[in-house]
Amino acid sequence: MTVSSAGRAGTTPSAGTHPLQRLSVEEITAARALFEGKGMLTPTTRFALLGLEEPPKDEVLSFVPGDAVDRRVRAVLLDTANGQAQAVVASLSRGEFDSIVDIDPAVDGQPPILLDELITVDEIVKADPGWCAAMARRGITDLSLVRPAPLSAGNFGIEGEEGRRVVHVLSFLAHRPEDHCWAHPIDGIVAYVDLIERRVIELIDHEVMPVPSEEANIDDAAYVGPTRTTLKPIEIIQPDGPSFTVDGDVVSWENWTFRVGFDPREGLVLHQISIRDGERDRPVIYRASVAEMVVPYADPSPVRFWQSYFDSGEYLLGIQVNSLEHGCDCLGEIRYFDATLADTDGQPYVVPNAICLHEEDYGVVWKHTDIFTESKETRRQRRLVISFFVTVGVYDYGFYWYLYLDGTIQLEVKATGVVFTSAYVPGSPYANEIAPGLGAPYHQHLYCARLDMMVDGLVNAVDELDAQAVPVGPGNPHGNAFSRSALRLRSEEEAARVANPSLARTWRIVNPGSTNRLGQPVAYELRPEAQPLLLTDPDSATAKRAAFATRHLWVTRYDPAERYPAGDLINQHPGGAGLPQSVANNRPLDGEDIVLWHTFGAAHFPRPEDWPVMPVEYCGFTLKPVGFFDRNPTLDLPKAASAHCESGATHH
Ligand SMILES: [Cu+2]
């Protein structure tokens with residue numbers, strides 16, 4: 001990797017702009033013009049990524065409205081003619097490049113897969129005589145109905161792939177142009193494609209397997225059957241409007257305040273989440289996002305062993321964002337935010353209604369009927385929902401952040417869409433048959449949330465809490481006692497942890513310098529779902545590249561350069577980047593500015609009910625205030641949150 005740094009000259013301040021404000025259409029246009037003007041673009045240069053380069057935390061925290069802001073972008077450029085790639089940081093305010101780093105793909109990894117490359121692989125494989133002959137052997141001659149998928153190759157040390165920009169191509173067959181091809185995998189064959197040389201470099205025609213033929217068109221009334229007519233309407237009405245206010249990208253709701261961000265790679269980012277407590281706005285999280293995810297597949301077949309998709313680092317979650325429809329995707333009083341993104345030519349485009357904001361009733365928050373005083377009190381819970389949906393290949397993922405009235409923060413990921421299919425081999429221990437002859441290989445969906453914590457300030461520490469059985473003995477003669485142990489995680493190596501649900505293990509982020517009225521350090525607690533970690537062999541290529549998924553928790557000292565748990569460029573990366581590298585320094589964590597990295601997700605053993613489209617599977621995590629407040633912070637909720645629940649004063 002080589003680094004060159006351009007000098008700094010006079011500044012053109014961008015007044016009136018917040019440092020974390022999302023890039024505008026004008027700024028993306030200006031960025032492209034800057035790259036063009038400096039001779040950085042050839043006719044074959046593609047922007048694999050163009051997004052906001054966020055300023056370091058101290059700059060953001062010391063920002064005062066009206067201050068000049070140095071607006072910067074970062075880009076990953078790929079010349080599709082020769083494969084040369086660069087990572088660039090440039091200042092729009094100063095009209096200068098701050099760094100231009102030449103990427104060595106064999107060492108640093110490849111730029112993410114471009115949306116354009118879907119078309120590229122189609123052209124390449126269909127021009128390959130060997131691939132066409134392999135299709136013909138399977139009785140497939142109308143190649144216009146074959147759908148080749150550009151799938152990330154990973155890095156398995158396959159001869160001839162090192163340093164080359166490669167995707168692996170599995171193909172699917174449509175019976176007609178409008179037929180959903182995922183029902184008809186053409187299995188037993190894979191093409192390895194060099195996207196720069198534009199040719200098939202290896203064709204593995206392992207086995208002619210029957211192509212499953214049953215159609216599965218969820219938009220075809222003949223397949224789906226008659227629509228049920230028994231459901232009565234549910235209307236969600238807020239006659240006085242929603243309780244939140246939006247000022248630019250800043251959202252305020254009840255006591256919560258945060259700033260909406262949107263990154264081409266991570267998608268939705270929540271900045272500077274704080275909660276008002278009396279006269280104080282108390283910070284909780286400086287920055288929260290899902291910074292990586294991996295979907296490793298269990299099928300060891302010679303044409304599929306490499307399947308392990310890093311949907312964020314390899315495909316960029318943010319640019320796959322859906323435009324949401326009111327009444328379908330979101331119900332009630334909705335405030336949408338558009339997403340402004342750059343295409344591979346560096347041109348801006350806007351995805352309307354990309355982020356959905358609304359509030360939801362969430363049942364009872366607390367309730368008590370007193371058996372002595374006959375007092376009856378009930379209050380209702382609400383949550384603010386901020387979400388977006390992406391489509392990455394066959395899968396659709398919804399990412400839903402929830403803020404609750406009682407200070408709880410939750411992330412829920414919704415996985416739906418179509419499972420990745422195979423030709424089912426009877427008796428396979430690695431796949432389920434989900435339709436006649438149609439297999440769905442086992443796999444995992446593992447996400448890594450990056451939580452840059454700021455509980456009442458920058459000085460934080462993490463304790464691991466376990467339920468603790470206490471044996472019979474002095475002080476516990478009847479054996480009823482049990483307790484809880486707390487272990488301060490003092491260094492980065494020590495803080496790489498695995499969940500233990502049988503001990504109700506949680507991780508508490510405390511501020512040792514801020515105490516509640518009981519003298520306890522204020523805290524938020526991460527409650528993991530404690531689902532299985534990465535199930536691949538510890539020595540597998542995927543385990544090296546997705547090392548983040550071998551622990552439920554990592555804690556690192558804040559470093560603005562450490563943004564992604566599997567490294568900056570994960571596509572074809574040989575592994576070892578990201579968290580394993582970050583924690584190798586074993587920096588101390590007790591009373592420091594720290595970042596939590598939480599791996600969560602689900603092992604998916606597909607069911608017949610997951611076909612032809614999968615009902616949402618949920619996973620996620622919760623952050624709960626623990627001694628952050630002096631008492632239940634929802635005592636001030638009004639009794640009649642709805643017209644149907646009238647005040648106890650008038651109805652006994
Ligand atoms: Cu799945």
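Just so it is clear, the structure is predicted and the values come from calculations on it, not from any experiment. Whatever order the structure lists them in is the order used to number ligands and atoms, beginning at 1.
A salt bridge links E266 with R287: the distance from a Lys NZ or Arg NE/NH1/NH2 to an Asp or Glu carboxylate oxygen falls below 4.0 Å. Under the 4.0 Å criterion applied to side-chain N and carboxylate O atoms, E292 and R545 are not assigned as salt-bridge partners.
Defined by atom type and a distance below 3.5 Å, a donor-acceptor pair is present between the side-chain atoms of Q410 and Y404.
Among the backbone and side-chain atoms of M614, none of the N, O or S atoms lies under 2.8 Å from the Cu ion (ligand 1).
Counting just the N/O/S atoms of H443, the one with the shortest distance to the Cu ion (ligand 1) is named NE2. The minimum distance between the Cu ion (ligand 1) and any N, O or S atom of H445 involves atom NE2. As for H604, its N/O/S atom nearest the Cu ion (ligand 1) is the one called ND1.
Y297 and Y309 have their aromatic ring centers within a separation under 6.0 angstrom.
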